[in-house]
Amino acid sequence: MAAALASGHLVAALVDPFASPFLAVGNTAIDLTPHPVKDFAIRTFGEDDKTALLAGMAFVITATAAVAGLLSRRSPLPGTVLAAGLGAVGVAAVLARPTLGVTAVPAPVTSLVVGVVVFRWLHRLSSVDSRRGRPVDWRVPGLGRRRFLITSTAVAAAAGAGAVVGQLVGGRVDVEASRRAIRLTPDVAAPPIPAGADFTGDGTPPFITPNADFYRVDTALSVPRLRAQDWRLRVHGMVDRELVLTYDDLLSRPLVERTISLCCVSNEVGGPYISTADFIGVSLSDVLAEAGVRPGADQLATRSADGWTCGTPVEDIMAPGSNALLALGMNGEPLPAEHGFPVRMVVPGLYGFVSATKWLVDAELTTFADFDAYWVERDWAQRAPIKTMSRVDRPKPFEQVPAGRFVAAGVAWAQHRGVDRVEVRVDGGPWQVATLGTEVNADTWRMWRVELDLPAGSHTLEARATDRTGRAQTPDRAEPIPDGASGWHTIVFTARP
Ligand SMILES: Nc1nc2c(c(=O)[nH]1)N[C@H]1C(S)=C(S)[C@@H](COP(=O)(O)O)O[C@H]1N2
Ligand SMILES: [Mo]
C-alpha cells in the first residue's frame with residue numbers, strides 16, 4: 001500500500017499535485033460527506049479538521065492493508081483484489097475531481113499497477129524460498145525469511161523516499177517567491193484604526209486580526225499553489241465582452257484599501273469564525289461594468305483553482321458603495337496562500353460561502369435559476385446576507401469573577417448596515433446600553449464594553465445588537481444551516497464574594 005500511494009503521489013507531482021490518489025480520495029470524501037458529519041467535524045476538530053481527515057484515511061488504509069495481508073497467507077488473490085480495488089477508487093476519485101482531466105489519470109493508474117505488482121512480488125518472496133524451491137518456513141530463521149524482510153523493508157523505505165520527493169517536487173511552484181516579489185501600494189489607503197476602536201484590555205480581540213490568526217474555512221485539503229505571474233481571471237457568460245485579466249492588469253488599476261470583517265455562515269452563536277483585515281484590491285463592480293453585465297444576469301458564479309464554486313448576487317456587487325473587491329492583499333502584504341493567493345473576492349455584508357472565493361480563476365455572469373454553487377447543492381441558502389449578531393468575550397462561559405464592579409466586553413457585527421447599539425442584561429433584568437468602540441466603517445465589527453455591579457452568586461448574561469436599519473438581533477435560535485445562526489449569546493458564570 002505504501003508503494004502504491006507513494007508512486008502515485010510522485011507521478012502526480014509531475015502532472016498535477018491534486019492528482020495524487022491520496023489527496024483526490026480525501027478531497028472527494030470532503031465533497032461527499034453529509035453535512036451533519038461535516039458540521040460535526042468543524043465543531044470537533046475546528047481548523048484541524050483536515051489533519052483529522054488525513055490521519056483517519058491513513059488509519060483506514062493501514063488497517064485495510066493489514067487485513068488484506070492476513071487474508072492472503074495462502075493465496076495472493078485477496079491482496080491482489082484489494083490493491084486493484086483501492087487503485088480503482090483512486091482512479092475514480094481523480095476522474096471525479098472537477099479540475100482534473102484525463103491527463104491526471106497516469107497518477108492513480110501508477111498507484112494501481114505498482115500496488116498489484118509489488119504486492120504479488122512480495123507475496124512470492126514470502127511464500128517461496130527460491131533457493132530451495134519450497135515454501136518459506138516462518139518458524140525457521142533463514143535466508144528466505146531474511147530476504148523477504150529485507151526486501152519489504154527496502155520497499156517501505158523507497159516508498160517513504162518517493163512520497164517525500166513527490167511532496168517536494170509537487171510544491172515546486174514557488175508561491176512564497178512569487179508573494180515576496182510583490183509590493184502592494186494602495187492608491188487610496190484605509191484610514192488608520194482610531195484609538196478606542198477595540199477594548200483588548202477588557203477582553204475583546206484586537207480590531208485588526210493578524211494574518212496568522214485570521215480564521216480559515218475552506219474545502220481544500222492541500223492549498224492551491226498559484227504564482228501571480230501565471231494567474232488569469234476569465235470574466236464571461238452574460239456579458240457584452242469577455243475579459244481575461246492578469247495580475248499585472250489588476251496592479252495597473254486603482255488599488256483601494258478597505259477595512260472589512262469577514263465571517264462564516266457556519267459560525268455558531270458566540271463562535272470564533274469572524275476576523276477583520278485591511279483588504280487591498282480593485283473594485284469588482286468596475287471590472288464587471290467593463291465586461292458589460294447583460295440584463296437578467298442576477299448571479300456571479302465564481303470558481304477557484306481547485307473547483308470550489310460560489311454564487312453572489314450581482315446587485316450586491318453593483319450597488320453604489322458595495323466595496324466589493326478583487327482582493328490581492330491583506331494587512332499590507334499579498335494574500336497568504338491559505339487565504340486565497342493570488343486573488344480572492346471580498347463582498348462586505350455577505351457570508352463567505354456566497355461571496356469570498358479564494359484562489360479565484362473564473363467568473364461567469366449567469367442566473368440563480370441556471371446555476372447552484374457548491375454549498376447550495378448541499379442544502380445551504382442561495383442568498384445569505386450576514387445576520388446582525390453580538391458575542392460576549394468576557395466573561396467566558398462558567399468563568400469565576402470577583403463580585404462587585406465587573407467589566408463585560410465583546411464584539412458585535414452587522415456588516416454593511418453598521419452596529420447602532422449593543423445592550424446587555426444580567427439574570428433577565430433590565431437591558432443596559434453598552435459603550436461602543438469608535439466606529440471604523442459599516443463593514444466591520446464593533447467592540448463593546450459595559451460596567452456591571454454583580455452580587456455574589458451564579459449569573460446569566462445576555463447580549464443583543466441593533467443595526468443602523470433599526471433591526472434588533474432576534475432572540476430566535478437558529479442553526480447555522482441554511483443561512484446563518486441566530487439568537488442571543490448567553491453566558492452562565494459565577495461572581496465570587
Ligand atoms: N476556493 C474556496 N474559497 C472559499 C471557500 C472554499 O472552500 N474554497 N470557503 C469560503 C468560506 S465558507 C468562507 S467563510 C471564506 C473564509 O475565508 P478565510 O479562510 O480567508 O477566512 O472563504 C470562502 N472562500
Ligand atoms: Mo464559511
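In each ligand, atom 1 is the first atom listed, and ligand 1 is the first ligand listed. Residue numbers start at 1 and run along the sequence shown.
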(message) Taking the ring centre of each residue, are His9 and Phe22 less than 6.0 Å apart?
(response) no
(request) Please work out whether the ring planes of Tyr215 and Tyr273 are parallel, tilted or perpendicular, with thresholds of 30° and 60°. (result) tilted
(request) Describe, in one word, how the ring planes of Phe279 and Phe214 are oriented to each other, choosing from parallel (under 30°), tilted (30 to 60°) and perpendicular (over 60°). (result) perpendicular
(message) Just to be sure I understand the cut-off, which residues have at least one non-hydrogen atom under 4.0 angstrom from an atom of ligand 1?
(response) Phe214, Tyr215, Arg216, Val217, Asp218, Thr219, Leu262, Cys264, Ser304, Asp306, Trp308, His339, Arg344, Gly352, Phe353, Ala356, Thr357, Lys358, Trp359
(message) Is the positively charged end of Arg378 above the ring of Tyr374, judged by distance under 6.0 angstrom from the centroid and angle within 45° of the axis?
(response) yes
(message) Does the Lys NZ or Arg CZ of Arg97 fall within the cation-pi geometry relative to Phe18 - under 6.0 Å from the ring centre and within 45° of the axis?
(response) no
(message) My understanding is that only residues two or more places apart in sequence, or in another chain, count here; which of them pass ring-ring contact (aromatic ring centres under 6.0 Å, His included) with Trp488?
(response) Trp431
